[in-house]
K.L.:
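I have a structure here, written as structure tokens, and I will follow up with some questions on it.
In what follows, chains carry the letters A, B, and so on, assigned in the order in which the sequence lines appear, proteins first and then strands, with residues in each chain numbered from 1.
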Amino acid sequence: MSIKTTRDAIRETLIAEMERDPRVFVIGEDIAGGMGAPGEQDAWGGVFGVTKGLLGRFGRERVIDTPISETGFLGLGIGAANAGLRPVVEIMFVDFFGVCFDQVLNNMAKFRYMYGGKASTPITVRTSYGAGFGAAAQHSQALYPMFAHIPGIKVALPSNPYDAKGLLTAAIRDEDPVIFFEHKGLYDEQGEVPDESYVLPFGEAAVVREGKDCCIVAFGRMVLLARQAAEILAREGIETTIVDPRTIAPLDTDTIVEAIAGCGRLVVVDEASPVCGMASEIAALAATECPRALKAAVQKVTPPAVPIPFSPALEAAYLPTAEAIAAAVRKTLQ
Amino acid sequence: MSIKTTRDAIRETLIAEMERDPRVFVIGEDIAGGMGAPGEQDAWGGVFGVTKGLLGRFGRERVIDTPISETGFLGLGIGAANAGLRPVVEIMFVDFFGVCFDQVLNNMAKFRYMYGGKASTPITVRTSYGAGFGAAAQHSQALYPMFAHIPGIKVALPSNPYDAKGLLTAAIRDEDPVIFFEHKGLYDEQGEVPDESYVLPFGEAAVVREGKDCCIVAFGRMVLLARQAAEILAREGIETTIVDPRTIAPLDTDTIVEAIAGCGRLVVVDEASPVCGMASEIAALAATECPRALKAAVQKVTPPAVPIPFSPALEAAYLPTAEAIAAAVRKTLQ
Amino acid sequence: MSTIPAELDVIHAYRMLRLLREFEDQLHVAIARGNVPGFTHLYAGEEASAVGVCLHLADRDVLCSTHRAHGHFLAKGGDVDALALEIFGKEGGACGGKGGSMHVADWSRGMWGANAIIGASVPHAIGAGFAFKYRGEDGVAVSFGGDGASNQGAGFESMNLAKILNLPVLFVLEDNGYAETTASGWAVAGRPVERAGGFGIPSVEVDGTDLLDVYTKIGVGVRRAREGGVRRSSMCACRCSTAITKVTRKPTARPARSSSCAPSRTASRVSACRCSPPDGRMPRRSTRSMRSARRARQRPSSARSTHRFQPCRP
Amino acid sequence: MSTIPAELDVIHAYRMLRLLREFEDQLHVAIARGNVPGFTHLYAGEEASAVGVCLHLADRDVLCSTHRAHGHFLAKGGDVDALALEIFGKEGGACGGKGGSMHVADWSRGMWGANAIIGASVPHAIGAGFAFKYRGEDGVAVSFGGDGASNQGAGFESMNLAKILNLPVLFVLEDNGYAETTASGWAVAGRPVERAGGFGIPSVEVDGTDLLDVYTKIGVGVRRAREGGVRRSSMCACRCSTAITKVTRKPTARPARSSSCAPSRTASRVSACRCSPPDGRMPRRSTRSMRSARRARQRPSSARSTHRFQPCRP
Ligand SMILES: Cc1ncc(C[n+]2csc(CCOP(=O)(O)OP(=O)(O)O)c2C)c(N)n1
Ligand SMILES: Cc1ncc(C[n+]2csc(CCOP(=O)(O)OP(=O)(O)O)c2C)c(N)n1
Ligand SMILES: [Mg+2]
Ligand SMILES: [Mg+2]
């Protein structure tokens with residue numbers, strides 16, 4: 001057990017799984033870096049440095065740089081998975097799923113069912129998401145609700161290094177396709193992470209904090225903001241429960257509903273766009289599963305429904321904040 | 001005013017708008033049919049025959065068949081719209097947005113905002129959706145919730161010929177991108193449709209039926225099933241309100257919330273997959289806007305979260321039915 | 001006129017050709033009678049393409065197919081009954097009735113499935129090829145695609161990847177003259193076979209109605225892929241003879257689920273969904289393959305029905 | 001050595017080259033100092049490509065660009081101040097600060113915008129070309145893309161469409177040797193310029209550091225597109241001289257939004273984000289274009305910083 005960043009936790013998971021299982025390989029744009037460019041091997045390790053060091057250990061056979069052909073290499077991963085390998089494909093930014101969306105929507109998500117249970121596509125797709133870095137409309141989206149909408153894939157959304165390691169291990173060992181979301185703002189976050197491997201099962205939410213007054217359900221990096229909000233509120237004497245679903249497909253509705261019903265008040269915090277997002281999904285759970293328990297209107301804390309602006313000032317106004325979450329909680333208590 | 005099918009209503013709208021505005025043109029796979037094949041011009045008019053007859057009136061300059069390159073020709077439409085034309089692009093089945101999703105997600109939806117309000121992309125994209133035809137997992141999806149999730153596009157979901165004409169007219173005249181959803185099962189539905197042109201503004205729901213006991217919000221073809229359910233229930237003395245939002249982006253939340261609050265009971269019927277779909281979005285509205293008014297748990301009537309099966313027996317079990325809606329309404333009244 | 005290669009079992013080859021044709025001919029009748037749900041695309045007339053390629057393949061080799069896959073399924077060794085049951089949506093079907101005609105697959109035979117998104121399966125073939133290379137196996141992956149599919153971005157990206165990663169993949173482009181109603185002569189700029197050249201991939205054009213032509217020339221590509229070396233990937237543009245034998249129609253055998261759905265003019269259109277006679281628009285070359293094998297007794301029925309899909313009113 | 005075409009205003013051309021270079025050089029300093037938010041991609045070293053093409057264009061012509069667009073913006077006549085303000089995310093910026101470096105546009109000048117999805121803007125160029133043809137205007141649309149972009153499906157589909165619809169479009173492929181860290185010599189199978197041939201589109205390779213070479217050869221393509229006829233679309237593969245001048249870094253000038261975000265090792269990486277010296281890996285051809293114009297005083301700084309994007313901790 002030692003303190004590690006999310007970046008390092010993900011990297012050590014990849015290394016462990018590649019050592020454990022020769023079928024595991026990683027593929028993506030600049031995932032090693034320097035392909036075809038003598039003299040600068042392993043300079044990058046992906047645009048966020050997550051896969052740095054893999055090339056030296058596993059060589060070009062298992063650490064594969066690609067051209068900018070997401071449909072091609074995601075499809076390659078799908079085919080390799082069908083053939084029994086365990087590809088870990090990186091789509092550099094979640095926004096780029098646009099150019100290879102069909103391979104998710106109509107292919108990897110459909111195979112097992114559509115081919116009568118006879119196909120198996122054990123692929124893991126890692127991707128980065130999230131705003132806050134001046135990356136503007138095409139490099140800052142969250143988008144995971146769209147993937148949760150598609151039956152046939154699993155979606156992990158870790159909020160800390162420990163969960164990242166356990167969920168990624170589970171993803172790689174899973175017999176079905178998983179999309180693994182890494183928030184850009186969490187790569188440098190630190191936390192305790194055991195050195196040995198462990199699996200966090202999908203579909204088990206974490207109750208991060210317990211308090212009787214209001215339940216906050218938050219996703220990914222929003223869990224950090226929720227914790228800050230909870231601190232602010234605690235100083236005011238308001239006790240909150242925080243639930244971090246960790247995976248959104250499958251979703252641990254039991255734990256979430258129990259927490260909502262226990263508090264009678266609900267705030268949902270989601271970095272994704274507000275319509276048909278996870279905030280609505282959780283609010284809907286309250287309405288379908290425990291409406292009688294609700295003592296106040298559910299509050300959604302999300303960005304507005306606009307593309308993500310570039311200017312730092314506008315982007316700051318766009319994103320949820322701890323203060324906005326605290327205000328929403330206070331509102332449920334009025 | 002005369003009785004027309006949805007197919008004919010859409011066709012006459014296209015003709016009227018093309019006659020009215022020389023900037024309007026239609027483009028898509030086999031939209032006329034027979035390109036490059038002498039002797040069989042205008043044989044198809046699109047796979048559903050909606051655009052049949054346009055070629056004879058407007059010629060190959062304005063009725064353009066394409067290769068199977070959705071990214072290419074949707075992008076072409078976007079560029080042509082940027083240049084001031086009014087393209088009506090057909091994506092044959094909504095499932096095929098997978099191969100051109102980026103043009104929606106990161107391009108047409110983003111331009112106006114991302115370029116500081118200086119770009120304008122008045123494109124209309126028509127597409128067919130829906131199950132019930134043995135078309136299996138890759139040709140039967142609904143998917144509109146994913147589009148509602150993307151800020152920057154408008155989404156129309158007409159449930160009858162009259163609305164189809166008014167909404168399509170509005171879409172083509174709109175300065176912003178619109179995706180227009182046509183349910184395969186509605187093409188042959190008939191209804192009264194004025195011969196002259198009219199515009200139905202986006203963001204105005206229709207209250208299809210009024211009754212005090214329970215509010216049913218239904219989308220697209222589900223409105224038909226909701227009406228059948230209402231008839232069944234009326235015979236049992238249960239009076240229902242039916243709201244047809246008609247457009248899901250923008251969504252007329254005022255009318256919907258008013259109807260929910262008025263009845264105190266809510267059933268949402270959606271053909272899309274249940275997670276992060278419109279059913280959840282409406283249920284969430286109840287939880288955020290009028291939870292106190294709820295006298296019973298909200299009921300979602302949707303397919304299960306699985307790919308769409310081919311076998312007619314399985315497909316029938318997959319889809320919502322009028323009886324399932326009626327049962328859900330009865331449940332809210334227990 | 002091609003000579004018959006010594007290693008070719010002509011009787012087996014002819015059996016396969018006949019099997020593919022018979023299957024489609026009988027299915028065609030069932031479709032015309034309204035007994036088949038959903039969308040069905042017949043392979044009649046293109047038999048020599050599937051058979052000529054698959055004669056070079058073993059079960060361990062992988063085939064990635066399109067919406068028009070019955071022939072690929074059978075040529076790759078898939079079970080006839082499982083195919084039929086699947087197309088009719090029955091238990092015991094190759095995919096348990098969940099897939100239907102557009103998704104038939106037999107994974108045990110390396111038939112990875114019909115895939116009804118045009119172009120979508122091409123990258124899976126390079127994935128299979130990647131797996132062969134990764135494991136040091138000598139398998140070959142074959143991607144089938146139509147002339148229409150040749151305009152989807154996925155195929156180009158896959159050719160580039162196959163080339164730079166040096167994967168054992170054969171891309172077969174079955175040009176039957178049309179993508180639905182659109183002529184390939186118009187929709188496909190340049191000569192399809194030359195597109196591979198832009199990626200440095202060797203390519204060859206074969207007569208997709210001539211079994212010997214397909215068998216012989218494709219054999220070179222398959223061997224190149226299997227034996228490795230610097231030019232593993234191949235592309236072949238296969239001109240098939242017949243017009244599009246496309247029959248898409250509505251199911252009728254299903255019970256109406258909702259009573260309010262009054263009969264509409266759909267009904268009349270259904271009857272129009274019968275198989276139209278050969279329209280004579282396509283070059284009606286006879287299947288030289290069969291003649292070469294001196295067993296041809298029948299010309300391919302170049303039936304083409306352009307009736308569009310008519311939604312059934314549930 | 002090319003001769004100077006009589007109609008070329010060499011002073012104007014040189015001014016443009018210098019403007020593009022000066023802008024990037026000054027921006028580079030601002031970036032290194034941490035004053036520019038988000039991702040910025042400099043065009044330094046590729047000036048002759050943008051200028052050589054745009055000298056043939058008028059405001060009514062359309063240019064569709066990439067993530068590396070400052071040079072295209074200026075060469076197409078965009079306002080320098082509006083560009084700078086946009087890159088800094090300020091009011092008065094070309095997009096009101098909503099777009100930033102990766103989305104700079106000047107619609108009044110036919111500069112349709114930087115677009116940071118690789119390959120995504122290529123189809124928009126054919127849409128612009130379509131509009132010109134539809135309205136009977138003689139405008140030309142130019143699509144710029146990098147060597148990396150040349151492997152995205154969108155570009156292939158667009159070339160095919162441009163050819164069969166006979167649209168006035170020029171596809172410019174700026175091969176600067178790299179897509180991020182990946183060498184084009186490895187990632188791009190075959191010779192890029194030959195890919196157009198697969199679509200029957202005429203193509204030419206030019207030296208992207210030689211203004212006269214670009215200007216002269218591209219002129220043929222632009223004229224062909226503008227004047228119509230049967231071979232309207234062109235493709236040009238433009239070899240640019242410098243290495244990738246890519247500087248992506250984190251903003252520092254922004255106030256921390258959340259107090260719990262302790263400083264991390266990001267800070268130390270920022271300082272490493274200075275412009276590294278030319279790494280000598282690329283052919284260091286001097287900009288002959290400028291020499292040709294006999295005004296070159298300075299070699300292009302082929303600065304290449306490979307520092308990866310470091311998220312700032314909000
Ligand atoms: C991405 C996508 N676009 C459109 C379609 C609709 N569609 C089904 S078959 C077909 C024609 C295919 O033509 P081709 O590739 O030549 O195959 P063929 O039917 O001639 O065997 C089209 C356009 C589809 N299934 N997928
Ligand atoms: C679809 C997509 N994939 C990946 C990226 C990430 N990315 C940004 S720039 C770049 C390299 C582009 O290379 P090239 O086209 O050669 O342009 P250059 O930067 O060399 O000018 C990549 C991979 C992206 N923006 N979009
Ligand atoms: Mg075809
Ligand atoms: Mg480059």
K.L.:
Taking every non-hydrogen pair under 4.5 Å, which of C:Gly96, C:Gly113, C:Gly93 racks up the most with chain A?
P.N.:
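Result: the option with the highest number of such pairs is C:Gly113.
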K.L.:
Sort C:Ala114 into side chain, backbone, both or neither according to what part of it lies under 4.5 angstrom from a heavy atom of chain A.
P.N.:
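Only the backbone of C:Ala114 comes within 4.5 Å of chain A.
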K.L.:
Would you indicate whether the side-chain heavy atoms of C:Ile164 and A:Pro67 approach each other to under 4.5 Å?
P.N.:
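When only atoms from C-beta onward are counted, C:Ile164 and A:Pro67 do touch, with a gap below 4.5 Å.
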K.L.:
Return the option, out of A:Ala80, A:Gly77, A:Gly79, with the maximum number of heavy-atom pairs under 4.5 Å with chain C.
P.N.:
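Most heavy-atom pairs within the cutoff with chain C belong to A:Gly79.
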K.L.:
What is the distance from atom CD1 of A:Ile64 to atom CZ of C:Phe130, rounded to the nearest 0.5 Å?
P.N.:
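Output value for this atom pair is 3.0 Å.
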K.L.:
Need one label for C:Ile117: side chain, backbone, both or neither, based on atoms under 4.5 Å from any heavy atom in chain A.
P.N.:
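The answer is the side chain of C:Ile117.
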K.L.:
Is it the side chain or the backbone of A:Phe111 that comes within 4.5 Å of chain C heavy atoms, both, or neither?
P.N.:
side chain
K.L.:
With a cut-off of 3.5 Å and sequence neighbours excluded, list every side-chain donor-acceptor pair involving residues 147-156 of chain A.
P.N.:
from, atom 1, to, atom 2, distance (Å)
A:His149, ND1, B:Val275, O, 2.8
A:Lys154, NZ, A:Asp174, OD1, 3.0
A:Lys154, NZ, A:Asp174, OD2, 2.9

K.L.:
Return the minimal non-hydrogen interatomic distance between C:Ala131 and A:Ala83, and the atom names on each side.
P.N.:
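Here C:Ala131 and A:Ala83 meet closest at CB-CB, 3.5 Å.
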K.L.:
Which atom pairs, one donor and one acceptor, sit under 3.5 Å between chain A and chain C?
P.N.:
from, atom 1, to, atom 2, distance (Å)
A:Pro22, O, C:Tyr134, OH, 2.7
A:Val24, O, C:Tyr134, OH, 3.3
A:Arg62, NE, C:Tyr134, OH, 3.0
A:Thr71, N, C:Glu157, OE1, 3.3
A:Gly72, N, C:Glu157, OE1, 2.9
A:Ala83, O, C:Arg135, NH1, 2.9
A:Ala83, O, C:Arg135, NH2, 2.9
A:Gln103, OE1, C:His124, NE2, 2.7
A:Gln103, NE2, C:Ala120, O, 3.0
A:Asn107, OD1, C:Asn115, ND2, 2.8
A:Tyr115, OH, C:Ala114, O, 2.6
A:Lys118, NZ, C:Ala94, O, 2.8

K.L.:
Between C:Ala94 and chain A, with a heavy-atom cut-off of 4.5 Å, which part of the residue counts as in contact: side chain, backbone, both or neither?
P.N.:
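Only the backbone of C:Ala94 comes within 4.5 Å of chain A.
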K.L.:
Is chain C contacted by the side chain of A:Pro87, its backbone, both, or neither, given a heavy-atom distance below 4.5 Å?
P.N.:
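For A:Pro87, neither part sits under 4.5 Å from chain C.
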